[in-house]
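Below is one structure, written out as C-alpha cells, with a few remarks after it.
Each chain gets a letter, A, B and so on, in the order its sequence line appears, and its residues count up from 1.
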Number of protein chains: 2
Amino acid sequence: MMIGELSRRTGVPTRLLRYYEEQDLLHPDRAVNGYRDYGETDVRDVQQIRGLLDSGLTTEMIRAILPYLSGPDEIHLPPQCLTPQTAALLRGEIDRIQARIDCLARNRDRLRAYLTVVQPVVQPVVQTKGEDL
Amino acid sequence: MMIGELSRRTGVPTRLLRYYEEQDLLHPDRAVNGYRDYGETDVRDVQQIRGLLDSGLTTEMIRAILPYLSGPDEIHLPPQCLTPQTAALLRGEIDRIQARIDCLARNRDRLRAYLTVVQPVVQPVVQTKGEDL
DNA sequence: CCTTGCCTTCACACTGATGTGAGGGTTTCA
DNA sequence: TGAAACCCTCACATCAGTGTGAAGGCAAGG
C-alpha cells in the first residue's frame, strides 16, 4: 500500500511515516515510480512504534527492539540469529523498559494518592447554588 | 539554600532549576544580593517535577497540579482549590500514564517471551573454562 | 588586593519529535 | 488536455527540555 493508505489506517501523518523510515524504523519497498510501498505488517509496526514513542522510548531504543516485536505470536527468527551480544542487548533493553515502567508507576501512584487525599469522595452534585471554582 | 546546593542535593543542573523557575514551577525567595534562596521543601518539589516531566507531563500540567503536591504527606490546601477541571485533567494524565505502563509491560513481556523461546534455559554458569559473554 | 568560587542574566544552539509548505513528478478520470 | 489527488524531496519552523558560554556582580580567604 502507499503511504497515504497506511496513514489513514494508522492515523499517523505521512510526515511521521517518512520520519520513521529516516530513523530506520520502517523499510518500505519502493515502486518503480519511487513511491513507498508498505506491507500489511507495517500497520501493526506503526502502531507499535507510536505506542512506544508515546511511552517515552526513543527511536533508537525502538529501533533496537522492534525486530523482536514484529510477530504477534510466531517467532520467525531462527535461534542462531540470537547471538550472545544480541541477547545481552535485549536484556538491557528489557531492563530499561522495566525501569521506565517503575518510574511511571511510581508517579502514577503519587498522582493517585494525591487525588484520593484531596478528593476523598466524588461530590455527588452541587448542593449549594454557588459556583466557587 | 542557594542554587548550587539544591543542584547538588537533587542532581539537577542549575540551568534546569532556573528553567523550572522560568516555567513558574519553582518560586525561590531572593536574597538581598539577588541570589535565589530555596527552602527545604524545594528538594522534594524538584524531585517531584523531575519525575512528572519524565512521566511525560508537560511543564504546563505540572504547573497546574504542583501546588497541590507540595506537601509530602500533609496537604495544606483546602480541597476546593482543586477545580473539577484540574481533577479531570489529573485523572486524564493518570490514565495516560497507565496506558504507557500497559504498553511497555506488554512489550517487555514480548521481549522476555522471545528470549525464553529462543534461549529456553539460562546456562547455569560457565562450566567450561572460556568466558564467552 | 587578587584570586577563587559562588551567583546573576542573557542568549545562542542543539536534540527529538513533529508541523507545514514549497516545488515538482505521476496517475486517473473527465 | 487539464484538473484532482496522489506521491516525492527538501527545508525551515516549533516546542520542550537541555547544554554552554559570555559578561559580570558578590563573598571569602591568602
Side-chain angles (χ1 to χ4, degrees), chain A residues 1-39 42 45-66 93 96-97 100 103-104 107, chain B residues 1-39 42-43 45-66 89 93 96-97 99-100 103-104:
Chain A
M1 86 193 78
M2 287 193 297
I3 200 172
E5 185 180 345
L6 183 60
S7 172
R8 260 169 266 123
R9 287 176 59 181
T10 58
V12 174
T14 59
R15 170 68 172 93
L16 289 190
L17 296 177
R18 298 199 181 96
Y19 174 67
Y20 298 153
E21 178 180 2
E22 186 187 313
Q23 294 300 305
D24 217 32
L25 301 178
L26 295 175
H27 311 92
D29 291 343
R30 293 294 180 132
V32 282
N33 53 10
Y35 289 10
R36 290 167 179 84
D37 183 21
Y38 296 92
D42 286 320
D45 280 359
V46 167
Q47 284 157 352
Q48 199 64 267
I49 292 169
R50 290 294 327 161
L52 294 174
L53 268 182
D54 196 58
S55 301
L57 300 199
T58 65
T59 53
E60 190 183 353
M61 282 193 61
I62 299 173
R63 177 165 50 246
I65 62 175
L66 193 60
E93 297 297 338
R96 287 205 267 176
I97 291 174
R100 175 104 186 116
C103 171
L104 289 174
N107 286 291
Chain B
M1 87 194 75
M2 289 194 295
I3 199 172
E5 186 181 345
L6 183 60
S7 172
R8 260 170 266 123
R9 288 177 57 181
T10 58
V12 175
T14 59
R15 171 70 172 92
L16 288 191
L17 296 177
R18 297 199 181 97
Y19 174 68
Y20 298 154
E21 179 179 3
E22 185 187 315
Q23 295 300 305
D24 216 31
L25 301 179
L26 295 175
H27 310 91
D29 292 342
R30 292 297 178 128
V32 281
N33 53 11
Y35 290 10
R36 290 168 179 82
D37 181 21
Y38 296 92
D42 286 320
V43 175
D45 279 1
V46 167
Q47 285 156 352
Q48 202 64 274
I49 292 170
R50 294 284 334 157
L52 295 177
L53 272 180
D54 202 55
S55 299
L57 275 80
T58 65
T59 52
E60 190 183 353
M61 269 298 306
I62 299 174
R63 176 165 51 247
I65 64 174
L66 189 64
L89 223 55
E93 285 302 332
R96 292 180 46 185
I97 292 176
R100 296 190 183 115
C103 174
L104 290 175

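The separation between B:Asn33 atom CG and D:dG24 atom C1' is 14 Å, rounded to whole Å. Taking atom CD1 on A:Ile3 and atom P on C:dT26, their separation rounds to 18 Å, with Å as the unit. The CZ-P distance, from A:Arg63 to C:dG16, rounds to 10 Å in whole Å. If you take CZ of A:Arg50 and C1' of C:dG16, they are 12 Å apart, rounded to a whole angstrom. Distance CE (B:Met2) to P (C:dT8): 8 Å, rounded to an integer number of Å. Distance CG (B:Leu53) to P (D:dT18): 6 Å, rounded to an integer number of Å. Atom C1' of nucleotide C:dT28 and atom OH of A:Tyr35 are separated by 11 Å, given to the nearest angstrom. The interatomic distance linking B:Met1 (CE) with C:dC6 (P) rounds to 16 Å, in whole Å.
Among the nucleotides D:dC8, D:dA16, C:dT8, the one closest to any side-chain atom of B:Arg36 is C:dT8.
Every residue meeting the side-chain hydrogen bond (donor to acceptor under 3.5 Å, both in side chains) condition with A:Gln23, not counting sequence neighbours, appears here in chain and number order: A:Thr59. With sequence neighbours excluded, the residues that form a salt bridge (charged side-chain N to carboxylate O under 4.0 Å, His left out) with A:Arg36 are A:Glu21.
Closest-nucleotide positions on DNA chain C for B:Arg30 and B:Arg8 were compared, and the one nearer the 5' end corresponds to B:Arg8.
Contact check on A:Glu60 versus A:Arg63 returns no salt bridge, with no Lys/Arg side-chain nitrogen under 4.0 Å from an Asp/Glu carboxylate oxygen.
Distance alone, capped at 3.5 Å, is enough to place a donor-acceptor pair between the B:Asp37 side chain and the B:Met1 backbone. No donor-acceptor distance shorter than 3.5 angstrom exists from the side chain of B:Arg100 to the backbone of A:Arg100, with no hydrogens or angles considered.
Within residues 14-29 of chain B, the residues approached by DNA chain D to less than 4.0 Å at the level of any non-hydrogen atom are B:Arg15, B:Leu16, B:Tyr19, B:Tyr20, in residue-number order.
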